[in-house]
Amino acid sequence: MRINHDSLGGGLLVATGLFVAIYSLKTYELGAVSRMGPGMLPAVLAVLLVILGCAIAFPAMKQAGETISLNLRPLSAITIATILFGILFERFGIAPAVALMAFACTFAERKVGWRAKLLLAGFLAGLAVLIFPVALGMPIRIVRWPF
Amino acid sequence: MSILADLQLGLHTAFSLSNLLYCFLGVLFGMLVGVLPGIGALSAISMLFPITFHLEPTASLIMLAGIFYGSAYGGSTTAILLNVPGAPSSAVACLEGYPMAQQGRGGVALFMTTIASFFAGSIGILLMMLFSPIVAEAALHFNSPEYFALMVLGLIAASTMSEDAPLKGMAMVVLGILFGIVGMDMYTGVPRFNFGTFELMDGINLVAFAMGIFGLTEVVTSLGVARPDRVQRVTWRSMIPSRDDVRRSWLPMLRGTAIGSFCGTLPGAGATLASFMSYALERKVSKDPSRFGKGAIEGIVSPEAANNAADQTAFIPTMTLGIPGSATMALMLGVLIAHGVTPGPLLLTEHPDMFWGLVMSFWIGNVVLVILNIPLINLWVRLLQIPYELLYPAILVFIVVGVYSVNNSVFDVWMVLAFGLIGYVLRLLKFPAAPLLLGFVLGPLLEEHFRRSLLLSKGDLLTFFERPVSGPMMIIAILVLLYGIPQVRAGIWRLWRQRPPGVRGAEDGSETT
């Protein structure tokens, strides 16, 4: 067996399909075709997903392996930035959360210097405050000090 | 019966001050995201989706539609000047547009594509005005089996026709439907796949889903990609086409419009396929095919006409049947549903101001786009020089704050991150994401009509094949499905021997000849 885009992707689909099928069979009522229960359609679709996953993965296993390269730096920078926002937003308000998120996500590219990072973070925090709570009137705290 | 009254109502709606403003904002934003590579109409629409909750439904539709067709205009600008498609449907414009720009004829290319886009867009709007009421009238007699058959046809067509790997497209549709199933079952009231969370009882938030799969994923994948940074300025004088250019262009423009108008209404075909098809056709009918690839104006006018016509006619099935042909149209449908408007044949009679206002706003939007594209072209040329590293943090802020604002819930921020990661894995493994969104939006409708049909037929699955409208549709769906199987498709291609070599090469990035 070789690892390439399709064998890996097909395998993931099979795994997802198996999980959904087993979960819906165990948790929800199947019902009859004329009066379906909540579990019927998910179970049928999950089986279909397993079949499609196999049809994608099996032919691909015979083909040459490929290297799959993660774009790790942008991926982790964006993920961390979003998590920071999620943690900070309700505790500290929109301005600090956006500033930190913008600051963190600039690490996705190497080109940006420290001054540009700080400027960008400040600018975007101001812009977000102007657009969301001020212009659109969303009920969002701008700055909050929880302690 | 009273088409004039409808038109008047439409004009009245479209020309109201706020709708004019949103139309203008929409096309401006659409042009912007079209010009900038690394952000497409789909992610732009999902980014602005949360804002539309604060607007009237008509204004939201007008604005989001403006982004949609505006990005087609903008996409060709980048394709011509930078050889980078700003939008997927502009990929073909690179083939002839960039060589023209290198020969110093970039101005002519920009001018002619704008004219072709405007012409084709206008025809598309006219067709929409003519055919929507007819389709809606016919659809009034549709019941659940018909809707189910239509959706199956749409989903199968969308997953098999336009993608290189139909099996992957189908798998994505199925996965999308499964994501759509999350939430309360409307027949039994049982919450499904919410894993004990309160937030998932209402289902997965469409905005978080779309923004994660498209917006966030696009940000991550566009980073670290080298892009050209030198752009030539376009002078007024360089835009004037020669008599020869005009003579060569008008027939291709008509052909492109015809192909585009047709493809737009088909589920799953859409603008990208239309542009590739019309390019292939121009090559085939040309007396001197060797000119292609070296800046033949026919090869850019026709695809650009096609994709703009398709963008307009794509609204016909979405608005009259409630069945979107593409992921972007699925988002439009989502806007309507979020505002409590049921898309379908009754839309025209129940909300005529919305429908005709939208149609009339298309005219306004297209005129604005011509102004944005011809006199103001250098503004966009300058915009192309904004480095992406300054742009993506702003995009990220819009995505994350926008998704939060829909339900004022941080849970949705975690969802957008989760779907961003899923979208990234899919992109990494070369699985198409558009059918996933289509399946997600259509999933609940599909389930509802499927179960209702079987309830009515007492569990007889043949009901879908026995009815006069749904029967043929199911058969067409099966034929399309067969065509989607690689071996069958290869056989058909073998019959179609004289395949133009450059076209497929552009589609998958490698020369096949």
Side-chain angles (χ1 to χ4, degrees), chain A residues 5-6 8-10 12-13 16 20 23-24 28-29 32-39 41-42 45-46 48-49 52-53 55-56 68 70-71 73-75 77-79 81-83 85-86 89-90 94 98 101-102 105-106 108-109 111-112 116 120-121 124 127-128 131-132 136-140, chain B residues 51 54 165 167-168 170-171 174-175 177-178 181 185 187-193 216 219-224 387-390 392-394 396-402 404-405 408 410 413-414 416-417 420-421 424-426 428-431 443 446-447 450-451 454-455 457-461:
Chain A
H5 293 108
D6 286 6
L8 195 61
L12 283 174
L13 290 177
T16 314
V20 175
Y23 187 88
S24 48
Y28 307 117
E29 220 173 301
V33 178
S34 56
R35 188 170 286 273
M36 280 180 234
L41 214 64
L45 287 170
L48 199 61
L49 195 62
L52 285 168
I56 293 166
I68 298 163
L70 279 170
N71 215 351
R73 190 185 172 97
L75 183 65
I78 300 288
T79 308
T82 312
I83 292 175
F85 178 87
F89 183 78
E90 289 201 322
I94 186 172
V98 166
M101 171 168 67
C105 82
T106 55
E109 284 254 358
K111 279 185 226 163
V112 187
L120 203 60
L124 285 176
L127 192 68
I131 292 176
F132 298 103
L136 292 172
M138 292 179 187
I140 294 174
Chain B
I51 294 178
H54 302 261
L167 280 177
K168 289 180 168 185
M170 276 183 260
V174 174
L175 192 63
I177 301 175
L178 282 172
I181 275 178
D185 172 24
Y187 281 87
T188 56
V190 177
R192 291 184 289 184
F193 300 100
L216 217 55
V219 170
V220 176
T221 42
S222 305
L223 279 163
Y388 191 64
E389 55 264 28
L390 299 183
Y392 76 87
L396 185 68
V397 169
F398 257 93
I399 291 175
V400 175
V401 182
Y404 168 84
S405 69
N408 290 329
V410 174
V413 174
W414 304 129
V416 84
L417 182 58
L421 295 176
Y424 182 69
V425 171
L426 292 178
L428 201 64
L429 298 175
K430 299 188 174 134
F431 277 75
L446 195 74
E447 181 180 18
F450 184 60
R451 284 166 75 171
L454 289 175
L455 216 65
S457 76
K458 301 190 175 61
D460 183 8
L461 281 163

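Since the structure is predicted, the reported quantities are computational estimates derived from the model, not experimental observations.
- Considering every non-hydrogen atom in both B:Val410 and A:Gly86, the closest pair reads CG1-O, 3.5 Å.
- For B:Tyr187, no part lies under 4.5 angstrom from a heavy atom of chain A.
- Contact annotation: the side chain of A:Leu12 approaches that of B:Val425 to within less than 4.5 Å [non-hydrogen atoms, C-beta and beyond].
- Atoms CG and CG, from A:Leu8 and B:Leu429 in turn, are 5.0 Å apart once rounded to the nearest 0.5 Å.
- Heavy-atom distances place the side chain of A:Ala81, and not its backbone, under 4.5 Å from chain B.
- Annotation for A:Thr82 and B:Trp414: closest pair O-CZ3, 4.4 Å, computed over non-hydrogen atoms.
- Separation of atoms CD1 (A:Ile140) and CG (B:Asn408) is listed at 6.5 Å; rounding is to 0.5 Å.
- For the pair A:His5 and B:Leu428, the tightest heavy-atom approach, listed with the atom from each and the gap, is CD2-O, 3.1 Å.
- Rounding to the nearest 0.5 Å gives a distance of 7.5 Å between CD1 of B:Ile177 and CG of A:Leu41.
- Using a 4.5 Å heavy-atom cutoff, the side chains of A:Leu127 and B:Val397 are not in contact.
- Looking at B:Leu175, both its backbone and its side chain come within 4.5 Å of chain A, counting heavy atoms on both sides.
- Proximity to chain A (any heavy atom under 4.5 Å) is shown, for B:Leu426, by neither the backbone nor the side chain.
- Top candidate by heavy-atom pairs under 4.5 Å with chain B, chosen from A:Ile94, A:Thr16, A:Ile83, A:Val20, is A:Ile83.
- Between the CG atom in A:Leu49 and the CG atom in B:Leu178 there is a gap of 6.0 Å [rounded to 0.5 Å].
- Minimum heavy-atom separation, A:Tyr28 to B:Phe193: OH-N, 2.7 Å.
- Residues A:Asp6 and B:Lys168 are in side-chain contact: their nearest non-hydrogen atoms beyond the backbone lie under 4.5 Å apart.
- The CE atom of A:Met36 sits 8.5 Å away from atom CG of B:Leu455, with the distance rounded to the nearest 0.5 Å.
- The heavy-atom pair separating A:Leu120 from B:Leu390 by the smallest distance is CD1-O, 4.1 Å.
- Only the side chain of B:Tyr404 comes within less than 4.5 Å of a heavy atom in chain A; its backbone stays farther off.
- The closest side-chain heavy-atom distance from B:Tyr392 to A:Ile78 is below 4.5 Å.
- Only the side chain of A:Leu13 comes within less than 4.5 Å of a heavy atom of chain B; its backbone N, CA, C and O stay farther away.
- Contact count against chain A (heavy-atom pairs under 4.5 Å) is highest for B:Arg451 among B:Lys458, B:Arg451, B:His54.
- Contact of B:Ile399 with chain A is not made at all, since no heavy-atom distance falls under 4.5 Å.
- For B:Val190, the part lying under 4.5 angstrom from a heavy atom of chain A is the side chain only.
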For side chain to side chain contact (heavy atoms under 4.5 Å, CB included), just list the numbers for A:Val98 and B:Val400, CA-CA rounded to whole Å, side-chain angles, deciding distance to a tenth of an Å, and then say yes or no. CA-CA 9 Å; A:Val98 166; B:Val400 175; over 6 Å; no
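- The minimum heavy-atom distance linking B:Phe431 with A:Gly10 is given by the pair CZ-N, 4.1 Å.
- Going from atom OH of A:Tyr23 over to atom CZ of B:Arg192 covers 12.0 Å, rounded to the nearest 0.5 Å.
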Test side chain to side chain contact (heavy atoms under 4.5 Å, CB included) on A:Phe89 and B:Val413 and set out the steps. CA-CA 10 Å; A:Phe89 183 78; B:Val413 174; over 6 Å; no
